Amino acid sequence: DVKVTQSSRYLVKRTGEKVFLECVQDMDHENMFWYRQDPGLGLRLIYFSYDVKMKEKGDIPEGYSVSREKKERFSLILESASTNQTSMYLCASSLSAGHTYFGPGTRLTVT
Amino acid sequence: AQSVTQLGSHVSVSEGALVLLRCNYSSSVPPYLFWYVQYPNQGLQLLLKYTTGATLVKGINGFEAEFKKSETSFHLTKPSAHMSDAAEYFCAVSDGRGKLIFGQGTELSVKP
């Protein structure tokens with residue numbers, strides 16, 4: 001069974017902390033994505049990667065960075081967490097135009 | 001650039017009634033179109049997708065959608081709603097490389 005796993009389901013951090021959200025896929029997919037989901041706004045693309053060590057900005061990259069050192073792992077970094085980054089974060093992976101698989105999500109609260 | 005608009009953030013139907021969730025897209029390239037469903041406290045699950053070929057696409061749980069290029073639409077339908085269909089539904093468009101652009105979502109309620 002294909003799988004995208006995220007390091008935490010729930011996370012509580014303080015304003016100004018550096019936050020790492022980890023995502024691992026076991027399907028040998030080239031493409032990986034980070035989205036945030038907010039009520040009424042749907043899912044918005046933060047960053048994506050089509051290959052190892054490659055990254056591209058999505059629609060809302062401000063305040064975030066990413067790292068992809070290995071094909072199976074894609075990390076989202078909040079350099080200095082702020083309360084407006086409280087959200088559900090979803091990682092996904094895919095092979096070109098095929099099925100995109102989503103992880104279970106990490107609900108991050110920044111206080 | 002690609003974009004998706006879902007008409008209606010909340011739709012309520014009676015059990016057994018027709019479900020119609022509307023989605024319009026904008027794309028400068030031939031689009032790949034998707035519907036995803038998210039049940040409460042669960043992740044996203046693919047309902048159906050259109051890539052090429054037949055414009056009427058059948059998905060899981062009795063849902064189907066029709067790609068209408070002239071109307072730039074990809075509406076989701078189900079002939080008879082069931083209580084278990086209550087969930088949030090997302091329409092998405094892709095350029096074919098896996099990057100998905102989502103609509104705002106439509107929450108479907110089913111009344112007994």
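Since the structure is predicted, the reported quantities are computational estimates derived from the model, not experimental observations. Lettering follows sequence order; numbering is per chain, from 1.
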Please determine whether residues [X] and [Y] belong to a single hydrophobic cluster, defined as Ile, Leu, Val, Met, Phe, Trp and Tyr linked transitively by side-chain heavy-atom distances below 4.5 Å.
X	Y	answer
A/Leu76	A/Phe33	no
B/Ile60	B/Trp35	yes
A/Tyr101	B/Val93	no
B/Leu44	B/Phe63	no
B/Phe34	B/Tyr50	no

Which atoms of B/Gln38 approach chain A - backbone, side chain, both or neither, heavy atom under 4.5 Å: side chain
Here the pair of heavy atoms bringing B/Gly98 nearest to A/Ser94 is CA-OG, 3.5 Å
Looking only at non-hydrogen atoms, find the nearest pair between A/Tyr35 and B/Leu100 and report the distance. OH-O, 2.9 Å
If you count heavy atoms of other groups shown closer than 6.0 angstrom to CG of A/Asn84, is the number above 12? yes
For chain B, which residues from residues 36-70 of chain A have at least one heavy atom closer than 4.5 Å to it? A/Gln37, A/Gly40, A/Leu41, A/Gly42, A/Leu43, A/Leu45, A/Phe48, A/Tyr50, A/Asp59
Any side-chain heavy-atom pair of B/Tyr36 and A/Thr100 under 4.5 Å: yes
So for A/Arg107, is it side chain, backbone, both, or neither that comes closer than 4.5 Å to the heavy atoms of chain B? neither
